[in-house]
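First up is the structure itself, then whatever we jot down about it.
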There are 2 protein chains.
Amino acid sequence: MLHDPAQLDLMFQALADPARRQMVDRLSRGPASVSQLAEPLAMSLSAVVQHLNVLEASGLVRTEKVGRVRTCQIEPQALRAAENWINERRLAWERRLDRLGDFLAESKDQT
Amino acid sequence: MLHDPAQLDLMFQALADPARRQMVDRLSRGPASVSQLAEPLAMSLSAVVQHLNVLEASGLVRTEKVGRVRTCQIEPQALRAAENWINERRLAWERRLDRLGDFLAESKDQT
DNA sequence: TCAATACTGAAGTAACTGCTTCACTATTGT
DNA sequence: ACAATAGTGAAGCAGTTACTTCAGTATTGA
């Protein structure tokens, strides 16, 4: 479920924009309203809402509306899914390098 | 250097495409030529080269041409940079939750 | 030397992104 | 009740992306 390629597309696409990363960064320090997310960004509120929708569609952020305020939170499981995808490939590469190192060391022993 | 926002844009953008992730996945199992990368993909070689250029510009992949063959390798440091960005935000969030838990536990003690 | 291999580069195109503005709705404080 | 606040939704538009095809250049093996 978390390794669905389409979901990974959405997550990495969401993280590819600096404004959206800034929003995620802000949310990593605690929940915030749409206006609070918008405050440090040099763009219209409408644009911020559109970025927020991208983040929500990707699963990285969850929002809940109470009264007229929409409160946003990070979804750490989604972050972990993206993190894991990268981590698994990097580890595969590094394990491969280790095996290669072992092989070279063994060849050396035998000369 | 590794936390340059523009570089992160390029890396996450690069990872946002399933064909490019498939290429990274292939490379995590060892170096490959352009044709080898192209082989499982249902698109022209030209398209694969374009994807490869995106990966190279992002720093995730390094290539070297010997004779007529261009050999591609993963750049694990770049993978780690993307991984770290996500990890830091997730940990910030989780530390915050922990502190919140401590605070609630303490309040309970005092009643 | 000649054909096959392994790319490379440019041009074209359809779809998608990241904004903008403007008009609008729902909620809240006085 | 009314004004201010908080957000929503649609249309439009410039720029980018993900391909395609086609024509080309090196390199290599027979």
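Order of the sequence lines sets the chain letters (A, B, ...), proteins ahead of strands, with each chain counted from 1. Hydrogens, waters and symmetry mates play no part in the numbers below; they use all other heavy atoms, side chains included.
When rounded to the nearest whole Å, the span between CG of A/Leu41 and C1' of C/dT20 equals 16 Å. Here the C1' atom of nucleotide D/dG9 and the CG atom of A/Leu52 are 15 Å apart, to the nearest Å. Between the P atom of D/dT17 and the CG atom of B/Leu10 lies a distance of 9 Å, rounded to the nearest Å. Computed from coordinates, the B/Leu45 CG to D/dT21 P distance equals 13 Å when rounded to whole Å. Rounded to whole angstrom, the span from the CG atom of B/Asn53 across to the P atom of D/dT17 amounts to 13 Å. Atoms CE (A/Met23) and P (C/dG18) sit 12 Å apart, rounded to a whole Å. Look at CD on B/Glu39: it is 13 Å from P on C/dC7, rounded to the nearest Å. Note: CG (A/Leu37) to P (D/dT8) measures 12 Å, nearest angstrom.
To the nearest 0.5 Å, the span separating OG on A/Ser33 from NZ on A/Lys65 amounts to 11.5 Å. Annotation: the span from B/Leu27 atom CG to B/Leu55 atom CG amounts to 8.0 Å, rounded to 0.5 Å.
When every heavy atom of B/Leu45 is checked against every heavy atom of B/Ser35, the shortest pair comes out as CD1-CA, 4.5 Å.
The A/Val49 side chain lies nearest to D/dT8 when the options are D/dA18, D/dC19, D/dT8.
Inspection of the B/Thr71 and B/Glu64 side chains reveals no N or O donor paired with an N or O acceptor under 3.5 Å.
DNA chain C lies under 4.0 Å from at least one heavy atom of each of the following residues of residues 59-75 of chain A: A/Gly67, A/Arg68.
Projected onto DNA chain D by closest heavy-atom contact, A/Gln36 and A/Gln13 fall at different nucleotides, the more 5' of which corresponds to A/Gln36.
At the phosphate of C/dA6, neither OP1 nor OP2 sits under 4.0 Å from any side-chain N or O atom of B/Ser33. Note on B/Ser35: a side-chain N or O is less than 4.0 Å away from OP1 or OP2 of C/dC7. In terms of phosphate contacts, B/Ser44 brings a side-chain nitrogen or oxygen within less than 4.0 Å of OP1 or OP2 of D/dT20. One finds no side-chain N or O of A/His51 lying less than 4.0 angstrom from the OP1 or OP2 phosphate oxygen of C/dT17.
The side-chain contact (heavy atoms from CB on, under 4.5 Å) test applied to B/Ala92 returns A/Ser28, B/Arg95, not counting sequence neighbours.
For the pair A/Glu94 and A/Leu91, the minimum side-chain heavy-atom distance is below 4.5 Å.
Salt-bridge check for B/Glu83 with A/Arg90: passed, with a basic side-chain N closer than 4.0 Å to an acidic carboxylate O.
For D/dT20, its base sits under 3.5 Å from the side chain of B/Gln50 at one donor and acceptor pair at least.
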